[in-house]
Amino acid sequence: MSPVIIILCVISAALAVTMLFTKSPITSALCLLGVLIMTAAIYGLIGEHMIATLQLVVYAGAIMVLFIFSIMLLNLTDSENDFKKKPFVFILGLAAGITVFGSIVYAILNHFKNEANDKTLGAFSSETVLALGGNSKVLSHALFSQYYVSFEVVSLALLVAVVGSVVLAKRKVD
Amino acid sequence: MTNEILLQLLAAFLFTVGMLVVLLRRDTIMILMGIELLLNAANLSIVAFSKSANMIEGQVQVFFIITVAAAESAIGLSILVNLYRNFGSIKTESATTLKG
């Protein structure tokens, strides 16, 4: 377990909590941007270079620019603190969060406890991927040979999203 | 504790925080950001599991999830602009036209 990954995990967890509790939407958006960049760094550190690049370009680049653009377009100011207004809802939500987090952690620890008995490894170990020409090459080859139908379908979904968002933004509701 | 357990715990924590953002905040744009955080946590979990099992199927899956998330946020933000144009606010409690 490398210390760099621990530091990145702590920073991204702290940024996520800041995002939950801050008042202004632009601070939340910048905290989310920080979380996404930290996740991209973690992907790069564990050797998934292709996914790290995609995360930086698509998530931290395109999607967050859209979010910050709409915050500035709608001229959103600080929202009054929702938590102080409804403490009952806040406590209920916190209880739900603790329950979900506890059950996920229980499932994870259970999985890693039993992992030694029934672990089946795939063919793409780090050495194999390196011998085949690196992570990006292996992933791109899989995308354009084994999964090309899914690739085309996803491009159609993007086209539908573009047309749909233009239609939605232009429509005048009476 | 190994790297895999640490990454899975981080993914679980980010998922919980994203769920709380969706549940507790009253701005529509905050709800959309919470959904992005949820998707990011799921991606992190999938990539870490796939890496520890020496597979690349998880990375391919995450590629598609990122694409669909981009489409989803484009649609969601244009709905949000429409909401602001019709109600003058993006709070969830201001959109009450369908209320009986």
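Convention: sequence-line order gives letters A, B, ...; per-chain numbering from 1.
Atom OG of A:S28 and atom CE of B:M30 lie 3.5 Å apart (nearest 0.5 Å). Of the inter-residue distances, the one linking A:M38 atom CE with B:N40 atom CG reads 12.0 Å to the nearest 0.5 angstrom. Atoms CD1 and CD, on A:I63 and B:E36 in that order, are 4.5 Å from each other to the nearest 0.5 Å. Between the CG atom of A:L36 and the CG atom of B:L37 there is a distance of 7.5 Å, given to the nearest 0.5 Å. Atom CZ of A:F67 and atom CG of B:L80 lie 8.5 Å apart (nearest 0.5 Å). Here the CG atom belonging to B:N54 is positioned 10.0 Å from the CZ atom belonging to A:F124, to the nearest 0.5 angstrom.
Ring pair A:Y147/B:F64 is perpendicular by interplanar angle, where above 60° counts as perpendicular and below 30° as parallel.
The most heavy-atom pairs under 4.5 Å with chain B, out of A:A96, A:A107, A:S150, A:A157, come from A:S150. The choice from A:I46, A:V89, A:V167 that makes the most heavy-atom pairs within less than 4.5 Å of chain B is A:I46. Counting heavy-atom pairs under 4.5 Å between each of A:L139, A:V166, A:L109, A:V160 and chain B puts A:L139 at the top. Ranking A:S70, A:G47, A:G164 against chain B, the residue ahead of the rest is A:S70, based on heavy-atom pairs under 4.5 Å. Of the listed residues B:I56, B:L14, B:L32, the one with more heavy-atom pairs under 4.5 angstrom with chain A than any other is B:I56. Between chain B and the residues A:S12, A:A13, A:S155, the most heavy-atom pairs under 4.5 angstrom are made by A:A13. When A:I51, A:L73, A:N135, A:V100 are compared by the number of non-hydrogen pairs under 4.5 Å with chain B, A:I51 comes out ahead. For the set B:V81, B:V21, B:L77, B:L23, the entry with the most heavy-atom pairs within less than 4.5 Å of chain A is B:L77.
The minimum heavy-atom distance linking A:A142 with B:V60 is given by the pair CB-CG2, 4.4 Å. When all heavy atoms of A:H111 and B:F49 are compared, the pair lying nearest together is NE2-CE2, 3.5 Å. For B:Q59 against A:E48, the heavy-atom pair with the smallest separation is NE2-OE1, 2.7 Å.
Within the 4.5 angstrom heavy-atom criterion, no atom of B:E72 approaches chain A. Residue A:L8: no heavy atom, backbone or side chain, is found under 4.5 Å from chain B. The contact between A:L32 and chain B is made entirely by side chain atoms (from C-beta outward), counting heavy-atom distances below 4.5 Å. Contact annotation for A:L168: both backbone and side-chain heavy atoms come within less than 4.5 Å of a heavy atom of chain B. For B:Y84, the part lying under 4.5 angstrom from a heavy atom of chain A is the side chain only. B:A11 does not touch chain A: none of its heavy atoms, backbone or side chain, sits under 4.5 Å away. B:I90 touches chain A through its side chain: at least one heavy atom from C-beta onward sits under 4.5 Å away, while N, CA, C and O do not. In this structure, chain B has heavy atoms under 4.5 Å from both the backbone and the side chain of A:A16. Residue B:L39 touches chain A through both its backbone and its side chain, counting heavy-atom pairs closer than 4.5 Å. Within the 4.5 angstrom heavy-atom criterion, only side-chain atoms of B:M19, from C-beta onward, approach chain A. Heavy-atom distances place the side chain of B:L10, and not its backbone, under 4.5 Å from chain A. Heavy-atom distances place both the backbone and the side chain of A:L94 under 4.5 Å from chain B. Heavy atoms closer than 4.5 Å to chain A are found in both the backbone and the side chain of B:I29.
Contact annotation: the side chain of B:V62 never approaches that of A:M50 to less than 4.5 Å [non-hydrogen atoms, C-beta and beyond]. In this structure, B:L7 and A:I5 have side chains that are in contact, with non-hydrogen atoms separated by less than 4.5 Å. Using a 4.5 Å heavy-atom threshold, the side chains of A:T39 and B:N43 count as separate.
A single hydrophobic cluster is seen to contain both A:L66 and A:M72, as judged by linkage of ILVMFWY side chains at heavy-atom distances under 4.5 Å, directly or through other members. Note on B:I75 and B:L38: separate hydrophobic clusters, where clusters join Ile, Leu, Val, Met, Phe, Trp and Tyr whose side-chain heavy atoms are under 4.5 Å apart, directly or indirectly. Cluster membership for A:V105 and A:I98, using ILVMFWY side-chain heavy atoms within less than 4.5 angstrom, is not shared. No continuous path of hydrophobic side-chain contacts links A:V163 to B:I79 [ILVMFWY only; heavy atoms under 4.5 Å]. Linking Ile, Leu, Val, Met, Phe, Trp and Tyr residues whenever their side-chain heavy atoms come within less than 4.5 Å leaves B:I65 and A:L158 in two separate clusters.
With hydrogens and angles disregarded, a donor-acceptor distance shorter than 3.5 Å links the side chain of A:Y43 to the backbone of B:L44.
Under the rule for a side-chain contact (heavy atoms from CB on, under 4.5 Å), the partners of B:A12 that lie at least two apart in sequence or sit in another chain are A:F101, A:I104, A:I108.
Counting heavy atoms of neighbouring residues, nucleotides and ligands inside a 6.0 Å radius, atom OH of A:Y106 does not exceed 12 of them.
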